[in-house]
Amino acid sequence: MTLTDTMSDADFVLIDGVVFETEYLRVPDEHTLADDVVLEAKHGELEVELTCGDLEGAEHLGEGMYRLANGHRVRFLSTATVH
């Protein structure tokens, strides 16, 4: 799986150990430019925004965790549904 595969339908994103609620998510495709926003997330008053360029060159660390080129560690999380 790639980073963009793990983004699909993520309800939350873990960034450097802090869980943010996903407010906007766009999985990059062939039409996405480097400066296009692909993620907006919020944790209380703290808001983060990632562009497609921020995700380029991400290193897979295992178990769905990735290190971005800027050093931040991210992991996309989905809410489990129990039936």
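Partners of H43 under the side chain to side chain donor-acceptor pair (under 3.5 Å) rule, at least two apart in sequence or in another chain, do not exist in this structure. Remark: V38 engages M7, P28, T32, C52, L55 in a side chain to side chain contact (heavy atoms under 4.5 Å, CB included) (not counting sequence neighbours). Shown here are the salt bridge (charged side-chain N to carboxylate O under 4.0 Å, His left out) partners of E47, two or more places apart in sequence or in another chain: K42. Judged as a salt bridge (charged side-chain N to carboxylate O under 4.0 Å, His left out), and not counting sequence neighbours, the contacts of D29 are R26. With sequence neighbours left out, the side chain to side chain donor-acceptor pair (under 3.5 Å) criterion links D36 to no other residue. In this structure D35 satisfies the side chain to side chain donor-acceptor pair (under 3.5 Å) test with no other residue, sequence neighbours excluded. The side chain to side chain contact (heavy atoms under 4.5 Å, CB included) search around L77 returns F12, L14, R75, not counting sequence neighbours. By the salt bridge (charged side-chain N to carboxylate O under 4.0 Å, His left out) test, D9 is found to be paired with no residue, residues two or more places apart in sequence or in another chain being considered. Not a single side chain to side chain donor-acceptor pair (under 3.5 Å) links S78 to another residue, sequence neighbours left out. Every residue was checked against the salt bridge (charged side-chain N to carboxylate O under 4.0 Å, His left out) condition with E56, not counting sequence neighbours, and none meets it.
Contact annotation: the side chain of V48 approaches that of F20 to within less than 4.5 Å [non-hydrogen atoms, C-beta and beyond]. Here the side chains of V13 and L50 are not in contact, with every heavy-atom distance at 4.5 Å or above.
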List the atom pairs, donor and acceptor, that lie under 3.5 Å between side-chain atoms in residues 57-66 and the rest of the protein, sequence neighbours left out.
from : atom 1 : to  : atom 2 : distance (Å)
E59  : OE1    : R67 : NH1    : 2.9
Y66  : OH     : M1  : O      : 3.1
Y66  : OH     : L3  : N      : 3.4

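For the atom pair OG1 of T79 and CG of D11, the computed distance is 3.5 Å after rounding to the nearest 0.5 Å.
With hydrogens and angles disregarded, no donor-acceptor distance shorter than 3.5 Å links the side chain of D16 to the backbone of H72.
Residues V19 and L68 do not share a hydrophobic cluster, clusters being chains of Ile/Leu/Val/Met/Phe/Trp/Tyr side chains in contact below 4.5 Å.
Chaining together hydrophobic side chains whose heavy atoms lie under 4.5 Å apart leaves L33 on its own.
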